[in-house]
*Asks:* 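Right, I'll just put the structure down here and ask away after.
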There are 2 protein chains.
Amino acid sequence: MPKQVDYESRRRRIAEAVCLLADEHGPEGVSMRDVAARAQVSLGAVQRCFRSKGEMLLFAVDHVGDRITERVRTRLAASPAQSAAAALGHAADEIALLREERRAEARIWLAFVAQAAVSEPLAGPLRTSYAALQNLLVRLITEATESGSADEGATPLNPEHEACTLLALADGLTTHVLIGRLTAEEAEEVLHAHLVGLWERLRSTRPRKAV
Amino acid sequence: MPKQVDYESRRRRIAEAVCLLADEHGPEGVSMRDVAARAQVSLGAVQRCFRSKGEMLLFAVDHVGDRITERVRTRLAASPAQSAAAALGHAADEIALLREERRAEARIWLAFVAQAAVSEPLAGPLRTSYAALQNLLVRLITEATESGSADEGATPLNPEHEACTLLALADGLTTHVLIGRLTAEEAEEVLHAHLVGLWERLRSTRPRKAV
DNA sequence: CCAGAAACGATACGATCGTATTGGAATAAG
DNA sequence: CTTATTCCAATACGATCGTATCGTTTCTGG
């Protein structure tokens, strides 16, 4: 048989180029030609990797989602001995993409989210990524709640609810930073204040037990 | 002098068309021709109203921002006698654009926000709209805090902070509803749970005084 | 009524888009 | 070495975009 190329790595390379361009010119502002140029391959090569532009974007959004999710997981695995509170804080930080070095990823994410709001096929992978993050947060919150005593009754602090709140707040803050309404520092402050509040509510349902 | 037309009303009519299209096909998916067709005017008429497409989008985003802000204000003015808690809840509801009938506006807003993240001229009007909403929320929270006693010291619950949190949470929830990750009902529940928490913290800084 | 200014609709233009096609270079099997 | 097949780069194509231009129509002030 003739020539063989590693499509998987080329696809990733192209996805990176899509991200770079989406970061600079917005979602619809990425053209196949520009992507090819950025990825240092020909337009034909891009077309061989992906049947259409839509397929390419789909792959790219999955790529970004995986990267973010995995980074959160890595960060958590790196500090398993610390308190649940610290772990939650780190997770939230990684999700919110507030720091300067994550600005590009934040813009890409927002671009895809906006597109997904009017394009169901794009929304699927996005939901999957969010579900992974939510699971992770629920696990952390549940651990923090259970670490020490059994349930208390009345208002046991629904972990799914809290995870939703945290996820939505992180997303909203990211957005506000992107449009220059908040600085990264202000947003971080707001996020951490919310986490402190969550932590206090956690303790109130289970009065004993420190870090 | 020759023919005269009411440019202001025509501009508004065109802005409405922009909104309808942005709702259907996303931000960059609106073309001058489609806008003209929707607004039932000729392409030339649109060009006479706005020097360029960018100018048209700028006007449209202002239009939407004004509409949302004014609706919040109207809603508040309609129930001035009620408790501050109820007022805050209503304001949050209007801002979050969760209900089905606000879905279109939510999509438009998200479209512009995503665009603004990579286009500074669009970000300006957006920040202005957000600032108006934030002012409003700060006012409500401050009123609620002060209604009964003076300051307390230690942790007096920073109204600006809380307004930021509320605004970001509302935005994040809206987004999640748009991509189908949450139903409007779930999002509303999360939002109201947060408001309840805020209200309880309010009371804790100032133990006396009921509704 | 009647000029003249403003608005209009239509159409032209150049650029850029996603996609299809195609002729040749590269490579593994026989 | 030949041959068949896979890949590639270039180019062609049709559509659509934002914008510019240009007669024509329409209305107002004198």
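Residue numbers start from 1 in every chain, and the chains themselves are labelled A, B, ... in the order their sequence lines are given, proteins ahead of strands.
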*Asks:* Within residues 28-40 of chain B, find the residues that approach DNA chain C with a heavy atom at under 4.0 Å, and present them sorted by residue number.
*Replies:*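 The stretch gives Arg33(B) as the residues lying under 4.0 Å from the strand, ordered by number.
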
*Asks:* What salt bridge (charged side-chain N to carboxylate O under 4.0 Å, His left out) pairs are there with at least one residue in residues 29-44 of chain A, not counting sequence neighbours?
*Replies:*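 Output for this query lists Glu24(A)-Arg38(A).
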
*Asks:* Is the side chain of Thr174(A) donor-acceptor paired with the backbone N or O of Ala96(A) at a distance under 3.5 Å, no angle test?
*Replies:*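 Pair found, side chain donor or acceptor close to backbone of Ala96(A).
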
*Asks:* At 10 degrees resolution, what angle do the end axes of the helix from dC1(C)-dG30(D) to dG30(C)-dC1(D) form when each is taken over five base pairs?
*Replies:*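 For the helix from dC1(C)-dG30(D) to dG30(C)-dC1(D), the axes at opposite ends meet at about 0°.
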
*Asks:* Can you tell if the side chain of Asp171(B) reaches within under 4.5 Å of the side chain of Asp171(A), non-hydrogen atoms only?
*Replies:*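 No; the side chains remain at least 4.5 Å from each other.
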
*Asks:* Does anything in residues 118-126 of chain A come within less than 4.0 Å of DNA chain D? Heavy atoms only, and list the residues if so.
*Replies:*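 Contacting residues: none.
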
*Asks:* Starting at atom CG of Asp6(A), determine the distance to atom P of dT6(D), rounded to an integer number of angstrom.
*Replies:*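 Distance, rounded to whole Å: 17 Å.
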
*Asks:* If you measure from the Lys or Arg side-chain nitrogens to the Asp or Glu carboxylate oxygens, is any gap between Arg13(B) and Glu16(B) under 4.0 Å?
*Replies:*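 Result for this pair is no, no salt bridge flagged.
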
*Asks:* So, are Arg103(A) and Glu100(A) salt-bridged, with charged N and O less than 4.0 Å apart?
*Replies:*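 Looking at Arg103(A) and Glu100(A), the cut-off is met.
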
*Asks:* At 4.0 Å (heavy atoms only), tell me whether Tyr7(A) reaches a base, stays on the sugar-phosphate, or touches nothing.
*Replies:*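 Answer is sugar-phosphate: Tyr7(A) comes under 4.0 Å of backbone atoms only.
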
*Asks:* If you only use heavy atoms from C-beta on, which nucleotide in dA9(D), dC8(C), dG18(D) is closest to the side chain of Val5(B)?
*Replies:*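 For Val5(B), the side-chain atoms sit closest to dC8(C).
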
*Asks:* Which whole-number value in Å describes the distance from Glu55(A) CD to dG18(C) P?
*Replies:*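 It works out to 15 Å between those atoms.
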
*Asks:* Could you list all the salt bridge (charged side-chain N to carboxylate O under 4.0 Å, His left out) pairs where at least one residue sits in residues 107-123 of chain B, not counting sequence neighbours?
*Replies:*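 Found Asp23(B)-Arg107(B), Glu120(B)-Arg127(B).
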
*Asks:* Using side chain to side chain contact (heavy atoms under 4.5 Å, CB included) as the criterion, list what pairs up with Ala111(B), not counting sequence neighbours.
*Replies:*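 Per chain and number, Ala111(B) pairs via side chain to side chain contact (heavy atoms under 4.5 Å, CB included) with Pro27(B).
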
*Asks:* Can you pull out every ring-ring contact (aromatic ring centres under 6.0 Å, His included) where at least one residue sits in residues 37-62 of chain A? Sequence neighbours excluded, please.
*Replies:*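 Listed by first then second residue: Phe50(A)-Phe59(A).
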
*Asks:* Which pairs count as salt bridge (charged side-chain N to carboxylate O under 4.0 Å, His left out) when at least one residue sits in residues 179-197 of chain A, sequence neighbours excluded?
*Replies:*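 Every salt bridge (charged side-chain N to carboxylate O under 4.0 Å, His left out) pair that includes a residue of residues 179-197 of chain A, provided the two are not neighbours, is Arg99(A)-Glu188(A).
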
*Asks:* Expressed as a whole number of angstroms, how long is the span from His25(A):NE2 to dT16(C):C1'?
*Replies:*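 It is 14 Å, rounded to the nearest whole Å.
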
*Asks:* Report, one pair per line, the protein and nucleotides 20-26 of chain D atoms (nitrogen or oxygen only) whose separation is under 3.5 Å.
*Replies:*
unit_1, atom_1, unit_2, atom_2, d
dA20(D), N7, Gln47(B), NE2, 3.2
dA20(D), N6, Gln47(B), OE1, 3.1

*Asks:* Out of dT19(D), dC17(C), dA9(D), which nucleotide sits closest to the side chain of Ser52(B)?
*Replies:*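 Of dT19(D), dC17(C), dA9(D), dT19(D) is nearest to the side chain of Ser52(B).
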
*Asks:* Can you label the angle between the His176(B) ring and the Tyr130(A) ring as parallel, tilted or perpendicular, going by 30° and 60°?
*Replies:*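 The arrangement is tilted - the two ring planes meet at 30° to 60°.
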
*Asks:* For Leu57(B) and dC17(D), give me the distance from atom CG to atom C1', rounded to whole Å.
*Replies:*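 So the two atoms are 13 Å apart, to the nearest Å.
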
*Asks:* Separation of Arg10(A) atom CZ from dT6(D) atom P, in whole Å?
*Replies:*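 It works out to 16 Å between those atoms.
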
*Asks:* Under the side chain to side chain contact (heavy atoms under 4.5 Å, CB included) test, which residues partner Ala60(B), sequence neighbours left out?
*Replies:*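 Here the qualifying residues are Ala15(B), Val18(B), Phe112(B).
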
*Asks:* List the residues meeting side chain to side chain contact (heavy atoms under 4.5 Å, CB included) with Ser9(A), not counting sequence neighbours, and say none if there are none.
*Replies:*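 If we apply the side chain to side chain contact (heavy atoms under 4.5 Å, CB included) test to Ser9(A), skipping adjacent residues, the hits are Asp6(A), Arg12(A).
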
*Asks:* In whole Å, what is the span from the CD1 atom of Ile14(B) to the C1' atom of dC8(C)?
*Replies:*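 Value for this atom pair: 13 Å.
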
*Asks:* Just so I know, are the side chains of Thr165(A) and Leu198(A) near enough to count as touching, which here means a heavy-atom distance under 4.5 Å?
*Replies:*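 A side-chain contact under 4.5 Å is absent here.
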
*Asks:* Taking salt bridge (charged side-chain N to carboxylate O under 4.0 Å, His left out) as the definition, give me every residue that meets it alongside Glu55(B), ordered by chain and number, with sequence neighbours left out.
*Replies:*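 With sequence neighbours excluded, Glu55(B) shows a salt bridge (charged side-chain N to carboxylate O under 4.0 Å, His left out) to Arg51(B), given in chain and number order.
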
